[in-house]
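Here the structure is a predicted model, which is why all the values come from computation and not from measurement. Just so it is clear, the values below take in all heavy atoms, side chains as well, and ignore hydrogens, waters and symmetry mates.
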Amino acid sequence: MKDEPVPPPRSSPPALPQARAPPPALPPAVGLRPEAPKAPSAALPATRPAPPPLPTPDPPVDLVERLVVAEPPLSTAQKVLVVAEGGTFRARLDGDGPNLGLTLKATRDGRALVQALPAPSRARAAGIRIGDEVLGVDGAAFERGVGLRHVAARIKASSTKVLSLRRGFAPVDVEVLAAVLRRRGALSEDGAAALMGEVAEVCRRAALWDERGEVVSDLDDVSVDVVERRPALCCRVVDYDAEAYAVWTLDARSGAEWRVRRSFARFREVRTIVKRLAPRDVYEDLDRTFPDEAAFYDTVSSIQERCRALENYLRSCLSLLLTGPLHNNAGRLHAALEDFLDVPARLASLELLERNPDAHLRRAAQVAAHQVLATPSLDGVVSTIVAACRGKEGHDLLGAMATAIDGLQAALVEGCGPFFEGVVMRRTRKMGLEELDLLVRAAVRRQVEAEVFVPLSSVLDESLRRDLAEEETMLRASCAAARLKTQAALGIAPEHASPSKWEAAVYRLATVGSYTLPCDRLDVLLAAAREIPVIFAAEHKGEEVLGGDDFLPIFVYVVVQAGIPDLRYLQTLLSALCDPDKRLSETGYYVATFEAAVAHIRELPLARVLEEENPFVV
């Protein structure tokens, strides 16, 4: 073995230059407390003693008093508060007399809850609702489990009648809802009795679905995970063509609507899945409603009957998670129904639409409205309304639909308003009472239109368009001639003309035909009308605001350029089905403006348009 050469030793590195002396310490910043100097060393005697510690200021006395005496907000008959579920508040029962209009009940754990609010009720006027928990009176809290007699005696003995409460989960006032429907002739006495239990169970499951992402049976023996399931799918079989059925679907949580075409064989596949996954009694009840396929030929009547039967079968299957017996395969069955409606292919877009901050509160209330209407009794009410309207055509059908939609909306808002408001207030803490009421009404209106308008839309389209065919022909000719002319030819003053030709407003209004529900079409109309002053302000900076007389010619120009093919039909539809409570608001103003614009276009002399004269000048 050879010896390996040893490398020569490395020379030591050159010494580094001596580091600089540290810089002197900077003086303390202004407003900071200087550090206490270190103890003096023996070599260097101390030049001055350490400064005394800075005093810690005490908090202001008024702040301490405010923290000690802070109380929940006070709700009175003159100023009713909007309180979120779980929020604590006080309520003053104004008025004279021994009757407070308040009935309490005790829970198993000793709490006192508001059970009823008989009319007239001082408690209801102060903003108290059924389900609120009574915590105390006059600032003194009740001890848990003292009993209702003690609580009632303390309240009656109070001189100020200021109760401390915690907002509970707002249930549906089923008695009011049943009374309203019975008064309108839409519900029988037996149906009202059945409605009590159905609505209570649906609301219980809907609350669990919303809060915990699961649905639990009343005995807590079955729990179904519904986090990934759609809570409100409203579907209708609206057409049949080329051996395929058109299924219209509305997803209330995202606001999206779409149509899928399904053959009768696909419906049979759903039937097979229900047989495999559902309990035997549920499958047998549903199977009795499944229609038979025609053996040789179909008639118009047989096709319509089969469409309704398939629609009822599909809607009943979709409501099982809320109304049917829960079982271990309930989630898988609902997932199969979503696949039939093409939900998985649209899931990304649906989830994107859910993030819209401007509409998620209204859609949450609409989901709740859909779930309440899924009860067998209310679904029967909707079926009765639709069947009663089917015998009419044209303007008679439109009038009957308007009456039915207005009545059902009013009944749901009156009977279920607090429940829908509770759903909204779980998601926000800042909303005025008037704004909350408008939001709930809009949500209920959209769902009621989906239940009543859509199944009758094909009959209405055919009959009403037939009645308006002559006017539509004249309007198309007038719009075609006016569309090629300048803004001045339609009466827009030169100083108000738009360099962009009101492109943003025209684009918005042109999308109105892609929506099915009248309320959605009305929202498009409002968005287009609101876009006009925005465009004017951007293009005419520093100039005066548009007046009503200046706005109408511009709106006529936008309507003409939008190229709506069924202008007269759309105007008639929106005028008839506008929410009655909105007719005196901004919505009603723009509906009237749209009606005036259509009338101007209809009376527009084609010769004067071709000569580019101002048609609004007499």
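Applying the salt bridge (charged side-chain N to carboxylate O under 4.0 Å, His left out) rule to pairs touching residues 402-414 yields Asp406-Arg445, sequence neighbours excluded. Among residues at least two apart or in separate chains, there is no salt bridge (charged side-chain N to carboxylate O under 4.0 Å, His left out) pair with a member in residues 321-332.
Heavy-atom contacts from other residues, nucleotides or ligands closer than 6.0 Å to CG of Asn328 number 12 or fewer. Shown here is Glu434, whose CD atom has no more than 12 heavy atoms of other residues, nucleotides or ligands within 6.0 Å.
Salt bridge annotation for Glu354-Arg363: absent, with no cationic side-chain nitrogen under 4.0 angstrom from a carboxylate oxygen. Classification of Arg230 and Asp342 as a salt-bridged pair fails, no side-chain N sitting under 4.0 Å from a carboxylate O. Contact check on Arg346 versus Glu351 returns no salt bridge, with no Lys/Arg side-chain nitrogen under 4.0 Å from an Asp/Glu carboxylate oxygen. Electrostatic pairing of Glu311 and Arg308 does not count as a salt bridge here, judged by no charged N lying under 4.0 Å from a carboxylate O.
With a 4.5 Å cut-off on side-chain heavy atoms, Pro325 and Val282 count as touching. With contacts defined as side-chain heavy-atom distances shorter than 4.5 Å, the pair Asp379/Ser319 does not qualify. Arg390 places a side-chain heavy atom less than 4.5 Å from the side chain of Leu456. In this structure the side chain of Leu286 reaches within 4.5 angstrom of the side chain of Leu320, judged on heavy atoms.
Residues passing the side-chain contact (heavy atoms from CB on, under 4.5 Å) test with Cys519, sequence neighbours excluded: Arg446, Glu449, Leu517. Remark: Arg154 engages no residue in a salt bridge (Lys or Arg N to Asp or Glu O under 4.0 Å) (not counting sequence neighbours). With sequence neighbours left out, the ring-ring contact (aromatic ring centres under 6.0 Å, His included) criterion links Phe142 to no other residue. Contacts of Phe290 classified as ring-ring contact (aromatic ring centres under 6.0 Å, His included), with partners at least two apart in sequence or in another chain: Phe264, Tyr313.
Between the side chains of Thr516 and Glu257, at least one donor-acceptor pair of N or O atoms lies under 3.5 Å. With no hydrogens or angles considered, a side-chain donor-acceptor pair links Ser223 and Glu214 at under 3.5 Å. No hydrogens or angles considered: nothing links the side chains of Thr289 and Asn312 as a donor-acceptor pair under 3.5 Å.
Distance alone, capped at 3.5 Å, is enough to place a donor-acceptor pair between the Arg122 side chain and the Asp94 backbone.
Between Val343 and the choices Leu350, Thr249, Asp251, Leu337, the side chain to side chain contact (heavy atoms under 4.5 Å, CB included) rule is met once, by Leu350.
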